[in-house]
Every structure is written in C-alpha cells, then in structure tokens.
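For reference, the structure is listed below as structure tokens.
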Amino acid sequence: MAKTFYVTTPIYYPSGKLHIGNTYTTVLCDMLRRYKEMRGYDTYYLTGMDEHGKKIETVAEERNLPPSEHVDEIAEQTRALWDRMQISYDDFIRTTEKRHKTVVQKIFEQLLEQGDIYLGTYEGHYCMHCEAFFTESQLGEGATCPDCGRETSKLKEESYFLRLSKYEKQLLKFIEDNPDFITPESRRNEVLEFIRQGLNDLSVSRTTFDWGIKVISNPKHVVYVWIDALSNYLSALGYLTDDDSLYKKYWHGDEVVHVVGKDILRFHAIYWPIMLMALDVPITFRLHAHGFYMMKEGKMSKSKGGVIYPDTLMERYGLDELRYFLLRELPYGGDGVFTPETFVERINYDLANDFGNLLNRTVSMINKYFDGKVTAFSKEGTDYDASLRETCEQTIKEYTENIEELKVAEAIRSVWKLISRTNKYIDETTPWILGKDDSRRAELENVLYHLSESLRFIGVLLRPILLDASESLFRQLGIPQKLRGFDTLEFGTLDAVETVSKPSPLFPRLDVEEEVEKLQRIIRGDDAEESEESDEEKATIEDFVKLDVRVARVVDSKAHPNADKLLVLQVDIGGEQRQIVAGIAKHYDSKELIDKHVAVIANLEPVTLRGEKSEGMLLAGSNDDELEVLTLDGLNPGDKIQ
RNA sequence: GGCGGCGUAGCUCAGUUGGUCAGAGCGUUCGGUUCAUACCCGAAAGGUCAAGGGUUCGAAUCCCUUCGCCGCUACCA
C-alpha cells in the first residue's frame with residue numbers, strides 16, 4: 001500500500017483579490033503534492049474558502065446581492081484562478097456547503113455536551129471590522145483593536161466559549177514532545193511562549209450577525225470563525241458523516257501537513273490542536289508557517305508599496321516563471337521581497353541562461369554531431385564523467401532532504417548547482433574539439449550521453465516546480481514517459497536519446513530594462529488594467545463631528561511609572577484640567593511638551609492605562625520611525641478644532 | 001518591559017557539535033571558449049565576520065556587556 005500524504009492550504013477569506021503573497025501558500029502546497037505524487041504517495045490536496053462572517057454580509061449588502069450569490073461568485077473566480085495556475089487540488093471546500101455546515105454543527109454540539117464549550121457572557125471590547133472580541137489581557141485596558149488598530153466598542157453579549165485553559169498543559173506537552181510539529185523553529189518558540197503566558201477561553205459564537213452556521217441548540221448564535229473554518233480540514237474528508245473513508249485514509253494516514261502563513265499561526269498551532277484534543281481526534285498533522293512576500297516598501301497593500309497579482313505575471317511571463325520565482329525567492333523561515341529587478345533577473349539568469357540554454361546547446365550538439373541520436377554510455381569514462389555523475393547523486397540527496405523539511409528554496413538551489421556543474425562539464429569536455437576529430441567520436445557520444453542523462457535528472461527533479469518546462473525538456477530529448485519518474489533516477493538508465501531536430505528555448509530572455517519599467521508601472525497602478533478601488537472605508541461627516549477635538553495646553557508631564565512608552569500629561573482644555581496618557585515617550589522627553597498647545601480629543605471614554613487614568617487622546621502624526629505631536633501654539637486652550 | 005532571533009565582501013545571504021570557515025550568488029575588472037537564447041567557463045579585487053571584553057593552545061562559531069535591526073508578547077486611541 002502506498003503511503004498517504006494529505007496537504008492543505010488555509011481556506012481563504014474572500015475579502016480581496018488574491019495577490020502573489022496569498023497565492024504562495026497554494027503554489028507551495030501544489031509543489032509538495034506533485035513531489036509526493038512523484039515519490040509514489042497516495043496524495044490528497046485540499047483548499048477552499050471561508051465564506052461566513054459579518055464582513056461578507058456587509059459587502060454583499062453593498063452589492064445588493066444575497067450573501068450566497070456574492071460568495072458563489074468569488075468562489076468561482078478563485079477556482080478559476082487555481083485552474084489557470086494548474087493547481088492540482090483534489091477538493092475545494094466552502095464553509096457555506098451543507099457537507100461542511102452539518103459537521104460543524106455536530107462538532108459544536110458535541111463539545112457543548114462535553115462541557116468543552118460553555119455559554120457565558122462576554123463583556124468586552126469588540127472590533128466591528130475584525131469581528132473579534134478582545135479580552136482584557138489581550139487589549140489591556142485600551143480601547144482599540146490589537147489587530148487592525150481601529151476603535152472598538154464596549155459590548156455585552158452572550159457568547160459560547162471554548163475551554164482552552166483545560167487543555168493548556170496537554171498542548172504544551174504535545175508541542176514540547178514533538179519538536180517537528182511546528183516549523184520553522186522560530187514559530188514554534190513563539191507558540192510555546194504564548195501558551196506559557198496562559199490561555200484565555202475563546203469566544204466561539206456571535207449573536208451580532210446571521211451569515212454563519214447556526215448553533216443548533218441555540219439558533220440565535222452563529223458559530224464564529226475558528227470552529228467553523230478550522231473544521232474544514234476534517235469536514236472535507238467526511239469526518240462524522242456516513243462516508244468517512246477519506247478521513248480514515250488520510251487523516252489517520254502517514255503524513256498530514258497544514259501549510260499556513262505566519263499570520264494565522266496561532267489559530268492552527270493552538271486552537272486547532274485543542275479542538276482535536278477535545279474531539280478525541282488524533283493530532284496527526286504537522287504545521288508549517290511560512291513568511292510573506294513583501295514589496296520593497298513594505299507589506300503588500302494597495303495603499304503602501306503596491307500590489308502584484310499572479311495573473312499579471314502569468315500572462316506576461318508564464319506560469320513556470322511565476323512558480324519558480326515564488327518557490328525560489330522566499331527564504332525558509334523568513335519573508336521574501338518581490339522586486340521587478342529580481343523577478344526579471346531570476347528569469348533571465350536562472351531559467352533562460354543557465355537552465356534553458358543548457359538544454360538548448362545540448363540538443364543542438366546532439367543534432368549537429370549525431371543527427372539527433374545518442375546511445376553510448378561508457379562506465380570507464382573520464383574524471384569529468386565521474387564527477388558529473390557524483391553531482392547528480394548528491395543533488396538527489398540534497399533536494400530530497402530539503403523538500404522533506406519544506407525548505408523548497410534550498411531544494412531548488414541544489415538543482416541549480418547541478419545545472420551549473422553540467423554547464424561546466426561542457427567546458428571541461430569541449431565537445432566542439434572532439435567533433436573535429438573522427439577518432440574521438442565515441443568520446444563525444446559519451447559526453448553527449450552524460451549531458452542528456454544529467455538533463456533527465458534535472459527535468460525529473462523540476463517536475464513539481466516547472467510544469468511546462470520539464471515536459472518540454474523530456475520531449476526535446478525524446479525521453480519516454482517511463483523514464484521520467486523519480487525512481488528511474490539512476491545514472492545510466494537512459495538507453496537512447498532521440499532529440500527533436502530543432503531545439504526550442506525553454507524560456508525567452510527578457511529585456512531587463514524594459515520589463516522592469518513595465519512591472520514598476522503595474523505595481524504603481526499606472527497601468528489602466530490594474531486600476532483598483534481603494535480598500536479604505538469612508539467616514540461620513542457625522543462620524544467626524546462626533547469627535548470633540550480641542551486645543552489644550554500641556555501643564556505638566558511626567559514619565560509613566562509603569563510603562564516605558566507612555567507619558568502622563570496634565571492638560572488644560574480651557575479652564576478644565578485633565579490627565580491624558582499618551583504613547584509618545586519614545587519620541588518626546590517628559591518635559592519637552594510643557595506649555596505647548598496640542599490637539600486632543602476631549603470626549604473619549606476615559607480609560608485606565610497601566611494604572612493611570614487617561615481622559616482623552618493626544619493627536620500626533622507618525623510614520624515608521626518618526627512621530628510628531630500636533631501643536632497649535634497660536635490658538636487658546638479650549639478652542640475647537642474641525 | 002518580557003521571550004526569541006539577527007547584525008559576515010558594494011548588494012542578497014550560506015556558514016551543523018569552536019581548529020583549511022573566511023564562503024556562494026549577483027555586481028565590478030580581466031581572461032578563455034563558440035555547441036548555445038551575446039550564452040557558458042575561469043581568474044582577480046572587495047570583509048579587523050556590528051563594537052568591546054572574557055573562556056580556550058585556538059572563536060564568525062561558546063559566555064558577558066554595549067549599539068543597531070526584526071519577530072512574538074505586554075503597554076501605547
């Protein structure tokens with residue numbers, strides 16, 4: 001029986017167009033799946049969409065569509081994108097599907113019965129934008145969302161909670177006992193540290209919106225994101241249904257890998273295992289949290305450094321080029337940078353010059369010297385032959401070890417070492433000199449055979465990465481289907497090569513300057529086709545007039561006794577004195593602002609920050625490294641700002 | 001503030017358990033070659049391995065301190 005391999009992407013939340021940062025996960029999983037397939041595994045690749053929640057409800061409303069139609073549309077677009085990218089997924093699950101809902105409801109009820117979920121009331125800060133409650137410890141006693149920075153409102157709501165605290169010790173032990181459970185190690189450490197600080201029970205239901213899975217025993221609640229979304233990994237396999245054969249086969253199989261971006265590490269490393277423990281389902285998966293592709297200026301976003309979409313790159317440069325770049329440029333455990341320069345240079349140097357040209361010159365020579373047919377293989381050979389063969393063997397080893405550890409960029413690099421070695425082999429053996437001497441024909445044929453065999457190795461190893469190019473390589477060298485498998489990678493297995501009569505370049509060379517410029521335009525959004533609506537929400541004038549912004553004179557100021565970023569200011573707002581705590585200590589000395597006239601929001605709900613009362617908010621402008629408090633020394637304390 | 005990590009050639013980074021570890025790729029300069037998509041191959045220049053101190057016969061590699069940067073976390077509305 002073949003070993004099994006089950007690989008998953010997160011299910012994507014349809015809030016924006018998928019850019020190359022998002023698609024990386026999917027391409028990585030696709031590559032892993034193809035690799036395992038090639039190694040003879042029985043594989044299953046799951047991806048899908050997370051389609052519930054307030055945000056979807058709202059967007060659908062704005063579009064004047066029922067939410068179901070809205071998500072149908074997006075799901076269709078997403079599937080179409082994966083199809084264009086030749087993603088080899090086996091199943092595409094949507095949380096709005098009946099097969100998923102039923103399972104989630106069963107899971108919820110079971111956990112409720114067992115007491116792992118309990119009904120409580122939540123009194124706390126709620127962020128409308130993130131649809132999330134934050135506990136006191138998460139938010140401290142501030143009033144904004146730790147995720148998005150937007151203002152939260154105090155809400156008292158009935159909510160179900162998942163008892164995380166009960167499983168804290170068990171989870172900690174599991175992670176400690178399984179060093180490979182979470183990779184890379186740095187992420188694992190973060191998780192351990194987070195658990196050690198103690199887990200708060202997790203709110204897992206909402207009553208503030210309808211677009212979600214109803215709690216059967218209490219339908220005014222809908223199941224909130226964690227239990228809904230994470231369950232997809234099981235529901236798609238038929239867990240808790242009449243036919244759970246896939247679940248038995250793959251979840252209880254040999255290898256299960258969840259690949260996620262680092263932003264959702266915690267949910268997969270903590271909440272998901274705890275859910276499984278509570279359900280008495282074995283934790284068979286390992287979790288890999290990769291970094292992101294950034295633009296040079298920072299995070300990929302429309303407002304900041306610009307965005308680049310997979311379609312753009314695919315249409316202009318090709319799928320293999322895109323896959324190669326993505327898989328090759330993201331360093332293990334870190335973030336990657338997309339720049340037009342590196343993208344174009346990778347294509348030219350690695351794909352066109354080193355790899356494509358290697359095939360091209362080999363095919364040309366076989367045609368030129370042997371009319372396209374080569375058969376000989378001399379075991380005696382030269383030192384160069386032996387060295388090349390050795391590199392082939394070594395490459396398989398490095399490649400395999402790296403992929404198994406999910407170090408795909410390293411794996412790819414090891415193949416390129418072989419490509420370089422093979423180019424060098426041509427220089428060492430100088431076939432063009434051998435070609436001038438009839439007595440050395442056997443030698444020449446042996447050289448060309450070695451080149452073909454090396455290229456066959458390269459083609460096989462790159463099959464999971466370069467879909468068209470590997471195929472084209474086999475075709476151009478006339479390598480039969482049965483010699484394209486990983487298990488045929490033994491030097492000398494190839495009986496004969498019969499090349500096509502005229503080689504065709506695998507990758508066209510690009511005009512660097514021209515393409516870089518083109519890409520820069522696209523990223524900036526200057527290209528007509530790429531113009532996009534802004535992500536930003538609009539505030540109405542009503543929103544603004546709610547704020548009472550006033551000029552205040554700083555009367556006194558001291559460092560917060562118990563927080564290094566805070567200053568405690570006494571301000572005069574035209575007769576009334578107040579205390580305001582502001583997070584500006586990194587940028588202002590405690591005395592620096594005294595007597596300055598600053599801008600404050602006067603009608604904020606007072607909060608206590610690290611033990612000091614704050615009755616307002618100081619306005620300041622900032623970027624990544626600078627911060628400047630707004631000063632209006634020409635106006636008097638109490639004057640209104642609007 | 002707590003925890004983790006990083007700071008190595010102009011640029012991007014490799015460097016497992018301390019002793020050919022001072023490296024690779026790109027860039028630069030020079031040279032070779034012509035089978036090839038003007039490609040490929042080779043050579044050279046470039047670093048007091050962030051700074052200071054310590055352990056050791058010997059440290060980029062271990063320990064301490066300082067500075068700078070990143071991630072998570074707490075505090076910043």
Side-chain angles (χ1 to χ4, degrees), chain A residues 125 136-146 149-152 184-194 196-197 262-263 265-266 289 291 329 331-337 339 341-342 345-346 348-369 409-410 413 416-417 419-435 444 447-448 451 503-510 547 560 562-567 580-587 600-601 604-612 614 616-620 622 625 627:
Chain A
H125 301 273
E136 292 302 320
S137 77
Q138 278 173 297
L139 198 64
E141 291 169 75
T144 53
C145 172
R150 287 179 173 78
E151 221 170 294
T152 60
E185 203 184 343
S186 54
R187 299 293 163 208
R188 177 173 180 265
N189 290 337
E190 284 176 17
V191 171
L192 282 171
E193 186 52 30
F194 187 83
R196 286 185 185 126
Q197 291 185 5
K262 62 183 183 182
D263 56 330
L265 167 68
R266 192 190 303 163
E329 274 300 297
Y332 182 80
D335 292 327
V337 185
T339 67
E341 290 85 352
T342 49
E345 284 170 2
R346 283 266 161 260
N348 269 3
Y349 300 157
D350 297 355
L351 295 179
N353 294 352
D354 290 347
F355 176 38
N357 187 48
L358 171 62
L359 176 71
N360 205 262
R361 61 203 299 218
T362 300
V363 171
S364 290
M365 285 191 282
I366 293 175
N367 274 310
K368 177 165 183 174
Y369 298 123
E410 290 294 330
R413 235 162 292 184
W416 253 262
K417 273 196 265 174
I419 289 172
S420 286
R421 183 66 192 82
T422 310
N423 270 320
K424 184 170 171 165
Y425 173 87
I426 297 180
D427 263 57
E428 291 168 338
T429 55
T430 58
W432 53 92
I433 293 177
L434 301 179
L444 177 58
V447 164
L448 296 176
L451 286 176
S504 43
L506 292 179
F507 302 96
R509 278 180 63 78
L510 303 173
L547 299 175
H560 192 293
N562 194 25
D564 56 315
K565 288 189 186 168
L566 305 185
L567 288 185
I580 289 180
V581 179
I584 56 171
K586 285 265 156 77
H587 301 90
V600 301
I601 301 179
L604 276 187
E605 195 171 344
V607 292
T608 307
L609 300 167
R610 283 264 165 142
E612 290 288 344
S614 180
M617 171 176 164
L618 185 67
L619 295 184
S622 70
D625 30 56
L627 181 144

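Since this is a predicted model, take the numbers as computed values, not measurements. In what follows, chains carry the letters A, B, and so on, assigned in the order in which the sequence lines appear, proteins first and then strands, with residues in each chain numbered from 1. Hydrogens, waters and symmetry mates play no part in the numbers below; they use all other heavy atoms, side chains included.
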Please work out if Ile601(A) contacts a base, only the sugar-phosphate, or nothing of the nucleic acid, heavy-atom cut-off 4.0 Å. nothing
For RNA chain B, whose closest nucleotide is more 5', that of Asn423(A) or that of Ile433(A)? Ile433(A)
Does Asp335(A) have any side-chain contact (heavy atoms from CB on, under 4.5 Å) partners at least two apart in sequence or in another chain, and if so, which? Lys262(A), Phe292(A), Met294(A)
Syn/anti state for G31(B) [syn: chi within 90° of 0]: anti
Which residues share a side-chain hydrogen bond (donor to acceptor under 3.5 Å, both in side chains) with Tyr369(A), sequence neighbours left out: none
What stems, by residue range, does RNA chain B take part in, given at least 3 consecutive Watson-Crick or G-U pairs under 3.5 Å? B:1-7 with B:67-73, B:10-13 with B:23-26, B:28-32 with B:40-44, B:50-54 with B:62-66
With C1' as the reference atom in both, quote the distance from G1(B) to C62(B) in angstrom, rounded to an integer. 28 Å
Non-neighbouring partners of Thr430(A) that pass side-chain contact (heavy atoms from CB on, under 4.5 Å), sequence neighbours left out: Trp432(A), Ile433(A)
Taken in chain and number order and not counting sequence neighbours, the residues that satisfy side-chain contact (heavy atoms from CB on, under 4.5 Å) with Asn353(A) are Tyr349(A), Arg509(A)
With sequence neighbours left out, the residues meeting salt bridge (charged side-chain N to carboxylate O under 4.0 Å, His left out) with Arg421(A) are Glu428(A)
Pick the C1' atom in A51(B) and in A38(B), then give their distance to the nearest Å. 47 Å
Using a 4.0 Å heavy-atom cut-off across all strands, classify Ser186(A) as base, sugar-phosphate, or nothing. nothing
Short heteroatom pairs, N/O only, protein and nucleotides 5-16 of chain B, under 3.5 Å:
none

Please state whether the phosphate of C40(B), meaning OP1 or OP2, lies under 4.0 angstrom from any side-chain nitrogen or oxygen of Asn353(A). yes
Once you apply a heavy-atom cut-off of 4.0 Å, does Pro431(A) come out as touching a base, just sugar-phosphate, or nothing? nothing
Test side-chain contact (heavy atoms from CB on, under 4.5 Å) applied to Arg413(A) - qualifying residues, sequence neighbours left out: Arg328(A), Ala409(A), Glu410(A)
Protein-proximity profile, nucleotides 26-33 of chain B, B/S/- by nucleotide at the 4.0 Å heavy-atom cutoff, equals SS----BS
Set of residues satisfying salt bridge (charged side-chain N to carboxylate O under 4.0 Å, His left out) with respect to Arg346(A), sequence neighbours excluded: Glu329(A), Asp350(A)
Please state whether the rings of Phe355(A) and Phe507(A) are parallel, tilted or perpendicular, taking 30° and 60° as the class boundaries. tilted
Glu341(A): what forms a salt bridge (charged side-chain N to carboxylate O under 4.0 Å, His left out) with it, not counting sequence neighbours? none
Nucleotide N/O of nucleotides 69-72 of chain B paired with protein N/O under 3.5 Å:
residue	atom	partner	partner atom	Å
G71(B)	O2'	Arg187(A)	NH1	3.2
G71(B)	O2'	Glu190(A)	OE2	2.7

